[in-house]
Structures are given as structure tokens and as C-alpha cells.
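Only one structure is covered here, and it is reproduced in the block below.
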Amino acid sequence: MKIVSLQDISCYGQCSLTVSLPVLSAYGIETAILPSGILSTHTGGFKNFTVHDLTDEMPKIINHWIEEGIKFDAIYTGYIGDARQFEMVQDMKKKLLAEGGKLIVDPAMADHGKLYPALSEDIIDGMRTIVREADLILPNITEASFLLDVPYKESYTEHEIHDLLIKLSEIGPETTVLTGVSYTADKIGAVAYTKSTAKFDEYFAEYQPRSYHGTGDIFSSVAIAGYLKGEPLTELLGEACEFIVNCIKKTMPDETHGYGVKFEEVLAERK
Ligand code: PXL
């Protein structure tokens with residue numbers, strides 16, 4: 001199983017490629033990377049971070065892979081900082097995916113009702129164009145609201161969450177996984193919708209009183225590993241949710257570690 005992950009390298013801060021690559025590898029998935037940009041840190045909570053955009057380099061990398069006849073079982077896109085890259089994703093889908101290969105889009109662009117600081121509104125429109133082409137998407141509720149152009153709220157009923165999932169699936173993807181869903185104060189989890197069977201799957205874990213950057217990227221990487229291995233949705237949602245709970249529990253006692261989670265310890269303890 002071979003995947004290419006297209007997202008930024010945040011050199012420090014435990015998110016995007018610095019978490020996806022180790023997690024997918026540990027789950028036995030060969031992972032190539034296509035860095036969309038290089039930042040000194042992620043953009044959540046660090047001041048004066050540097051950004052070096054790689055949009056101009058990407059077609060050269062993609063074309064070299066095409067010349068080499070390289071194919072992937074999946075393309076997994078995450079944080080994209082420049083809207084010109086969305087067309088490249090469409091091109092990669094046509095030219096680099098193996099027969100039956102999957103386009104997986106984590107529209108990592110927003111959280112807690114807000115777009116990430118370094119992004120502009122055109123990223124939302126661009127993200128929608130690749131969500132349309134995707135087999136699997138994994139937005140959080142903020143990203144879902146932006147993709148659907150509906151207001152973000154602080155709380156949702158089960159009926160409202162199901163409605164969001166159905167509307168997201170109408171944009172295109174066969175499988176939609178919505179993260180950060182909570183109907184009661186003590187539980188948080190993810191709900192999935194499969195378009196062809198109109199079936200919902202869900203998993204809820206113990207609510208944790210803190211949130212950290214990078215957990216969405218880790219959740220997606222664990223869930224994607226399960227998806228590519230053909231695991232049932234409830235099972236892979238359970239694995240991904242519990243993985244994140246463990247990461248947060250390992251991180252919370254360390255007050256100096258607010259920028260990301262200690263996922264390495266959770267990976268190392270996996271049986
Ligand atoms: O974890 C998502 C993410 C990815 N990449 C960059 C980010 C963030 C979240 O803030 O800033 C650069």
C-alpha cells in the first residue's frame with residue numbers, strides 16, 4: 001500500500017507532515033511526501049512564523065514522478081496554503097493514482113469557527129473543488145461549515161450533524177467523516193456517512209478538557225491507515241478517536257507542551 005501525502009512541513013510543532021509521515025509509516029503504509037510549503041512552526045500560537053511556499057516546485061516533482069511511472073494507491077491532501085495547488089491535486093488524481101486508487105481530502109484549514117491565520121478565503125473555494133473529486137473527506141465541524149457555507153455553531157443535535165454529513169456527501173465523496181462531534185458534555189468523537197448505502201457510523205470517546213494543534217492530522221492519518229486496509233468504519237473511527245484521547249492524556253500533565261501532542265509515545269506503545 002503506497003500513499004502520497006500533500007501538506008506543509010511545519011518544521012516545529014507536531015502537525016501536518018511531521019505527524020502524518022511517522023503515523024502512516026508505523027501503520028505499515030509506504031508514504032511519499034509532497035510538501036506544499038515549509039513553515040518554521042505551525043500557525044497556531046507561534047508569533048512571526050516563517051513561510052516558504054513550494055507551489056512552483058510541486059509541478060516539477062509531480063512531472064518527475066509521472067515520467068518515472070510512479071503510481072499511488074492513495075493521495076492524501078491536508079493543509080494547503082496556496083490556491084494554485086488545488087489544480088495540481090486534480091492533475092495528480094488523473095496521472096498518479098493507480099487503478100482503483102483513492103483521493104482522500106482532509107480540508108485542514110480551520111478550527112473553532114475560524115480559518116487558520118495564514119490562509120485566505122480563496123482556500124475554502126479551492127478546497128471545495130477537491131472535495132468534489134474525493135473518495136473520502138475528513139473535515140472537522142468548522143471546515144464542514146465553511147465548505148457548505150453555513151454558519152458555525154457551538155453545539156449540534158444528532159439530526160443537525162447527520163444533515164451536515166449528507167450535505168457534504170452531496171458535494172461528492174462516497175465517505176465523509178466528521179470529527180469533533182459532541183452531543184453530551186462527557187463524550188466527543190466522529191460520525192461517518194457512506195453515500196451509497198446511506199449508512200451512518202459513529203464512535204465517541206471520553207471528552208478531554210484540552211484541545212491541541214495537530215490532533216486533526218493525527219486522527220486523519222490513523223483513520224486513513226484503517227481505511228486503506230479495508231477496516232470497517234466504526235472500527236477505524238474507534239482506533240483514531242482512542243489514539244487522540246491517549247495523545248492528549250499523555251500531553252496534558254506537561255504544561256510546557258501546549259503546541260502539539262506527544263503522539264510518539266502512543267505510537268511506541270501500540271501493540
Ligand atoms: O494541523 C493543521 C495545520 C497544518 N499546517 C499548518 C497549520 C495547521 C494548524 O494550525 O498552522 C501550517
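Order of appearance sets the numbers: ligands from 1, and atoms from 1 within every ligand. For this chain, numbers begin at 1 and follow the sequence in order.
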Short N/O distance, under 3.5 Å, between [X] and ligand 1?
{"X": "Tyr116", "answer": "no"}
{"X": "Tyr79", "answer": "no"}
{"X": "Thr43", "answer": "yes"}

- Message: Please tell me whether Tyr259 and Tyr12 have a donor and an acceptor in their side chains that are separated by less than 3.5 angstrom.
- Response: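 A donor-acceptor contact under 3.5 Å links the two side chains.
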- Is it true that atom NZ of Lys167 has more than 12 heavy atoms of other residues, nucleotides or ligands lying nearer than 6.0 Å?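 Not more than 12 within 6.0 Å, no.
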- Message: Counting only heavy atoms not in Lys195 (residues, nucleotides, ligands), do more than 12 fall under 6.0 Å from its NZ?
- Response: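 More than 12 within 6.0 Å, yes.
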- Query: Looking at His42, which atoms of ligand 1 are within less than 4.0 Å of one of its heavy atoms?
  - Reply: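 Reading through ligand 1 atom by atom, the close ones are 7 (C), 11 (O).
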- Side chain, backbone, both or neither: Leu39 near ligand 1, heavy atoms under 4.0 Å: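 Near ligand 1, Leu39 shows its side chain, while the N, CA, C and O stay back.
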- Item | Contact partition for His213 relative to ligand 1, non-hydrogen atoms under 4.0 Å |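 The part of His213 near ligand 1 is the side chain, not the backbone.
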- Task: Among all protein heavy atoms, pick the one closest to atom 2 (C) of ligand 1 and tell me residue, atom and distance.
- Result: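 It is Asp217 OD2, 3.4 Å.
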- Nearest non-hydrogen protein atom, atom 5 (N) of ligand 1: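 Nearest protein contact, heavy atoms only, for atom 5 (N) of ligand 1 is Asp8 OD1, 2.8 Å.
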- Task: First locate atom OH of Tyr79, then atom OG of Ser16, and finally report the distance between them rounded to the nearest 0.5 Å.
- Result: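 Nearest 0.5 Å value for the OH-OG distance: 8.5 Å.
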- Query: Rounded to the nearest 0.5 Å, how far does OG of Ser36 lie from CG of Leu54?
  - Reply: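 Answer for the CG-OG pair, Leu54 versus Ser36, is 7.5 Å.
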- Give me the one residue out of Leu178, Asp163, Ile141, Val181 that meets side chain to side chain contact (heavy atoms under 4.5 Å, CB included) with Tyr156.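 Of Leu178, Asp163, Ile141, Val181, side chain to side chain contact (heavy atoms under 4.5 Å, CB included) with Tyr156 is met by Ile141 alone.
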- Find out whether Asp254 and Lys262 are in side-chain contact, i.e. whether some heavy atom of one side chain is under 4.5 Å from a heavy atom of the other.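 Contact flag for Asp254/Lys262 side chains = yes.
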- Query: So, does Ser16 sit close enough to ligand 1 that a heavy atom of it is under 4.0 Å from the ligand?
  - Reply: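 Yes, Ser16 has a heavy atom closer than 4.0 Å to ligand 1.
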